There are 2 protein chains.
Amino acid sequence: MVEEQHLDAIFQALSDPSRRRMLAALSAGEASVSSLAAPLDMSLAGASKHVQVLERAGLVSRRKVGRQQILALEAKRLREARDWLERYARFWADALDALETALEEETKR
Amino acid sequence: MVEEQHLDAIFQALSDPSRRRMLAALSAGEASVSSLAAPLDMSLAGASKHVQVLERAGLVSRRKVGRQQILALEAKRLREARDWLERYARFWADALDALETALEEETKR
DNA sequence: CTGTTCTTCAACCATAAGGTTGAGTATCGC
DNA sequence: GCGATACTCAACCTTATGGTTGAAGAACAG
């Protein structure tokens, strides 16, 4: 069951390109805050705040290793968002299929 | 191809519960601004602004019928967002499958 | 112990977002 | 034409967001 209140935070987190780049980077494996920040043309503190947004949305988990914070993708929440979208995206596809079929029927006659 | 700049607007639009309710309502068929606003406990002007956000994100299209603005779901953009998520959601599922397989192998030995 | 590295925190700033009210524009019903 | 209906626009308010800098905490390297 997709939690309605989770979706607020998830989609809001996904709405920023810097955060999406971080997630993209994390899909290639775990990474520290600074390695995620490196390609982002912003201060480390700024990047750190983005990581916190992702974490609050449940999209990443962190683990302390020495003085580094190692981030990892949390697919569960990513899937909640995808499932929500899937419902509408699929519904519409079905509706269009139905329309197409109806048009074909029409053409036959 | 998913347009990176579209995603900003799409996910931002999806991050508000009122707007998601509107999309949910629209999945049952077209609707006017006021019928979308009715269940939302906010002024009509407020709802109208939400509709504009959805429209700018390309998630709905509108058509004027008399004095009404009839909104309809635009599945294309919805699918862009879903596809983006799908990539990461699926990736991680695969990674977990691989991990599971590895653990099974381990157990056998 | 000292200095450097990795990261967060606090304070601040500018702008965007979500909401309101009040007025204005079309359109319909009569 | 006249009043009600369906919006949108503009102005405004409050809070959130995305960014900065400067300082501070924790852990490693020598």
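Keep in mind it's a predicted model, so treat the numbers as computed, not measured. In what follows, chains are A, B, ... by sequence order, proteins preceding strands, each numbered from 1.
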OP1, OP2 of [N] versus side-chain N and O of [X]: anything below 4.0 Å?
{"X": "B:K64", "N": "D:dC7", "answer": "no"}
{"X": "A:R67", "N": "C:dT8", "answer": "no"}
{"X": "A:S43", "N": "D:dT20", "answer": "yes"}
{"X": "A:S34", "N": "C:dC6", "answer": "no"}
{"X": "A:S48", "N": "C:dT7", "answer": "no"}

Can you figure out which of [options] approaches the side chain of [X] most closely?
{"X": "A:D16", "options": "D:dG19, C:dT8, D:dT8", "result": "D:dG19"}
{"X": "B:R62", "options": "D:dA27, D:dT8, C:dT20", "result": "D:dT8"}
{"X": "A:L44", "options": "D:dC7, C:dT8, D:dC9", "result": "C:dT8"}
{"X": "A:Q12", "options": "D:dG18, D:dT20, D:dC7", "result": "D:dG18"}
{"X": "B:K49", "options": "D:dG18, D:dC7, C:dG18", "result": "C:dG18"}

For [X] and [N], give me the distance from atom [atom1] to atom [atom2], rounded to whole Å.
{"X": "B:I70", "N": "C:dT27", "atom1": "CD1", "atom2": "P", "answer": "14 Å"}
{"X": "A:R63", "N": "C:dT7", "atom1": "CZ", "atom2": "C1'", "answer": "16 Å"}
{"X": "B:R56", "N": "C:dA16", "atom1": "CZ", "atom2": "C1'", "answer": "11 Å"}
{"X": "B:D8", "N": "C:dA16", "atom1": "CG", "atom2": "P", "answer": "13 Å"}
{"X": "B:L14", "N": "C:dA17", "atom1": "CG", "atom2": "P", "answer": "14 Å"}
{"X": "A:L40", "N": "C:dT7", "atom1": "CG", "atom2": "P", "answer": "13 Å"}
{"X": "B:Q69", "N": "C:dT27", "atom1": "CD", "atom2": "P", "answer": "10 Å"}
{"X": "A:H50", "N": "D:dG19", "atom1": "NE2", "atom2": "P", "answer": "4 Å"}

Query raised in the report: With a non-hydrogen cut-off below 4.0 angstrom, is B:G46 in contact with a base, only sugar-phosphate, or nothing?
Result: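 Base contact.
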Query - Ion pair check, B:R77 and B:E74, cut-off under 4.0 Å - result: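 Between B:E74 and B:R77 there is no salt bridge, as every charged N stays at least 4.0 Å from the carboxylate O atoms.
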Query - 4.5 Å side-chain heavy-atom contact, B:R19 and B:L14 - result: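 No; the side chains remain at least 4.5 Å from each other.
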Query raised in the report: Which comes earlier along DNA chain D counting from the 5' end, the contact point of A:G66 or that of A:S15, where each point is its nearest nucleotide?
Result: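 Closer to the 5' end of DNA chain D: A:S15.
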Requested in this report: Look at the rings of B:F11 and A:F11 and say which category their plane angle falls in: under 30° parallel, 30 to 60° tilted, over 60° perpendicular.
Outcome: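 Rings of B:F11 and A:F11: parallel, under 30°.
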**Report entry** Point-to-point distance, once rounded to the nearest 0.5 Å, from CG of B:L36 to CD of B:E30
**Finding:**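 One gets 11.0 Å once the value is rounded to the nearest 0.5 Å.
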Query - Atom pair CZ (B:R20) and CG (A:L7), whose distance is rounded to the nearest 0.5 Å - result: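 It comes to 4.5 Å.
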